[in-house]
Amino acid sequence: TERLFGGFRRTSEKLGENLDGLFGKAALDADTLDQIEEALIASDLGPATAARVRGRLEGERFAMGVTEAALRKVVAEEVADILRPVAKPLMIDAFPRPQVILVIGVNGSGKTTTIAKLAHTLTEQDYSVMLVAGDTFRAAAIGQLKVWADRIGVPIISGAEGGDAASLVFEGVKRGTEQGTDVLIVDTAGRLQNKAGLMDELSKIRRVLGRLNAAAPHNVLLVLDATTGQNALKQIEVFGREAGVTGLVMTKLDGTARGGVLVAAAEKYGLPIHAIGVGETINDLRPFAPEEVARAIAG
Ligand code: GDP
């Protein structure tokens, strides 16, 4: 778990630092409650989570002051309550086939790696998978996805750099339908510096998909890099509404991330969290286990 949950442990440590000196007082007065609330916010858990914990502490009237252990227990319980409703495995319906998963996120978020991990996981579960290299703006992204497809042993639809992503998607659905593919995973461009262009392209892909099958895309996954902290929240704001995001995958929670941001995201946006990334190999996608994560964060 050390390696797996490094990002959550960092939040737990940060919490310890921020709480330092607050315990051992005779009573849990308003001043101490303020400081605890601030410590929780400074640990990335978000203002709403901090207010919930404060409410619990007030309600339970710790007449003799609160110990760090008791506080961490309250944090674990509140965080678990926030995370439980958003912890939802990715659902793949049997019909219509192929089920289309559109994967979006800014460059560097871990989008390509997450697609590889997802393709591997689904293949292991006996789904047939096909990839579409729809990030046509980066030759490197096309190349990288081809390498993964080869390694995992799944077919990939790709074109030249600068090509039209929507026509690749069209081709993917056509071939997927012919071959009876269960799941089509579509990579998309992630140039946030050209947001209007990006959103236009996503709507074009959606239009093409909608014409083939009104319910497609069946999932729109937003990949977020947990090491970017508050920026990750900003990306939910930007993409969430316009791109019709149906669920999140948060990556790099093995490393230097402060995983508390995941709690802030859950509390603020309530979007399903399908999985977390805890490393760079295809075996490093984990189901999102709220209790386990809450315990790791609370310490
Ligand atoms: P993209 O630009 O969004 O497609 O991002 P990539 O998939 O190329 O990932 C960017 C970098 O982050 C690569 O070096 C990946 O190996 C790395 N990466 C992706 N996911 C994870 C993760 O869960 N943990 C760690 N430690 N690194 C990751």
Side-chain angles (χ1 to χ4, degrees), residues 1-11 90 101-122 129 131-152 154 156-159 161-162 165 168 185-195 197-198 201-202 205 219-229 231-232 234-236 238-239 243 245 247-262 265 273-289 292-293 296-297:
T1 30
E2 187 57 47
R3 191 186 67 82
L4 283 190
F5 288 141
F8 298 122
R9 185 134 319 114
R10 295 244 314 169
T11 288
L90 185 67
I101 303 178
L102 209 55
V103 184
I104 66 179
V106 305
N107 292 342
S109 61
K111 196 158 45 75
T112 309
T113 314
T114 299
I115 290 172
K117 291 171 177 175
L118 195 58
H120 171 69
T121 307
L122 292 172
V129 175
L131 305 184
V132 176
D135 184 355
T136 54
F137 282 85
R138 297 186 298 170
I142 302 173
Q144 190 59 39
L145 202 62
K146 278 185 179 168
V147 170
W148 283 121
D150 210 38
R151 207 175 294 171
I152 301 162
V154 296
I156 179 167
I157 307 292
S158 63
E161 183 184 2
L168 284 182
I185 307 179
V186 180
D187 192 9
T188 62
R191 308 150 296 145
L192 204 52
Q193 54 279 23
N194 181 1
K195 201 192 132 205
L198 191 65
E201 186 168 297
L202 283 174
I205 291 175
N219 281 286
V220 181
L221 299 189
L222 174 60
V223 177
L224 296 170
D225 175 349
T227 64
T228 64
N231 256 325
K234 188 73 191 290
Q235 284 157 28
I236 302 179
V238 172
F239 283 108
V245 171
L248 308 176
V249 175
M250 210 172 260
T251 65
K252 308 188 196 180
L253 282 161
D254 52 310
T256 54
R258 281 161 50 180
V261 71
L262 185 147
I273 300 175
H274 295 308
I276 56 175
V278 294
E280 299 182 82
T281 82
I282 49 174
N283 296 305
D284 292 324
L285 190 70
R286 298 291 142 115
F288 181 61
E292 205 178 349
V293 167
I297 285 175

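We count ligands from 1, going down the list as the structure has it; atoms in each ligand are counted the same way. Keep in mind that the numbers below use all heavy atoms, side chains included, and drop hydrogens, waters and symmetry copies.
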Check: F8 and L262 side chains under 4.5 Å, non-hydrogen atoms: yes
Under 3.5 Å: N/O of L253 near N/O of ligand 1: no
Any side-chain heavy atom of K117 within less than 4.5 Å of one from V249? no
Roughly how far, to the nearest 0.5 Å, is CG of L198 from OG1 of T188? 7.0 Å
Protein heavy atom at shortest distance from atom 13 (C) of ligand 1: E280 OE1, 4.2 Å
Below 4.5 Å, heavy atoms only, C-beta onward: do L90 and L221 meet side chain to side chain? yes
Tell me whether D284 reaches ligand 1 (any heavy atom closer than 4.0 angstrom to a ligand atom). no
If we only count heavy atoms from C-beta on, is the K146 to D150 side-chain gap below 4.5 Å? no
List in chain and number order the residues that pass salt bridge (charged side-chain N to carboxylate O under 4.0 Å, His left out) with D135, two or more places apart in sequence or in another chain; answer none if no residue qualifies. K111, R138
Does ligand 1 have an atom that lies less than 4.0 angstrom from a heavy atom of R138? yes
The protein heavy atom nearest to atom 24 (N) of ligand 1 is D254 OD1, 2.8 Å
Any atom of ligand 1 sitting under 4.0 Å from a heavy atom of D225? no
Side chains of I205 and L102: does their closest heavy-atom pair fall under 4.5 Å? yes
Part of R286 within contact of ligand 1 (heavy atoms, under 4.0 Å): neither
Touching ligand 1 at all, G108? Heavy atoms, strictly under 4.0 Å? yes
T227: which residues meet the side chain to side chain donor-acceptor pair (under 3.5 Å) condition with it, sequence neighbours left out? D225
Nearest protein heavy atom to atom 20 (N) of ligand 1, by residue and atom, and its distance? K117 NZ, 3.9 Å
Ligand 1 atoms in contact with V106 (distance to a heavy atom under 4.0 Å): 3 (O)
Say whether G279 and ligand 1 are in contact under the criterion: heavy-atom distance to a ligand atom below 4.0 Å. yes
Quick one, I104 and F239 - any side-chain contact, counting heavy atoms below 4.5 Å? yes
Could you go through the side chain to side chain contact (heavy atoms under 4.5 Å, CB included) check for R151 and I282 one step at a time? CA-CA 10 Å; R151 207 175 294 171; I282 49 174; 5.7 Å; no
If the cut-off is 4.0 Å to any non-hydrogen atom of K111, which atoms of ligand 1 fall inside it? 1 (P), 3 (O), 4 (O), 5 (O), 7 (O)
Any L131 side-chain heavy atom under 4.5 Å of D187 side chain: no
For A141, is the nearest heavy atom under 4.0 Å from an atom of ligand 1? no
Nearest neighbour in protein (non-hydrogen) for atom 11 (C) of ligand 1: K252 NZ, 4.1 Å
Test your reading of the model: is there a side-chain donor-acceptor pair from T11 to the backbone of G259, 3.5 Å cut-off? yes
Using a plain distance cutoff, I'd like to know if S109 has any nitrogen or oxygen under 3.5 Å from a nitrogen or oxygen of ligand 1. yes
Should you measure from each heavy atom of G277, which atoms of ligand 1 turn up under 4.0 Å away? 23 (O)
Measure the distance from atom 7 (O) of ligand 1 to every protein heavy atom, then report the residue, atom name and distance (to 0.1 Å) of the closest one. T113 OG1, 2.5 Å
What residue and atom, counting heavy atoms only, is the protein's closest point to atom 4 (O) of ligand 1, and at what distance? T112 OG1, 2.5 Å
What protein heavy atom sits nearest atom 5 (O) of ligand 1, and how far away is it? G110 N, 3.1 Å
Between V278 and ligand 1, find which residue part has any heavy-atom pair under 4.0 Å and reply side chain, backbone, both or neither. backbone
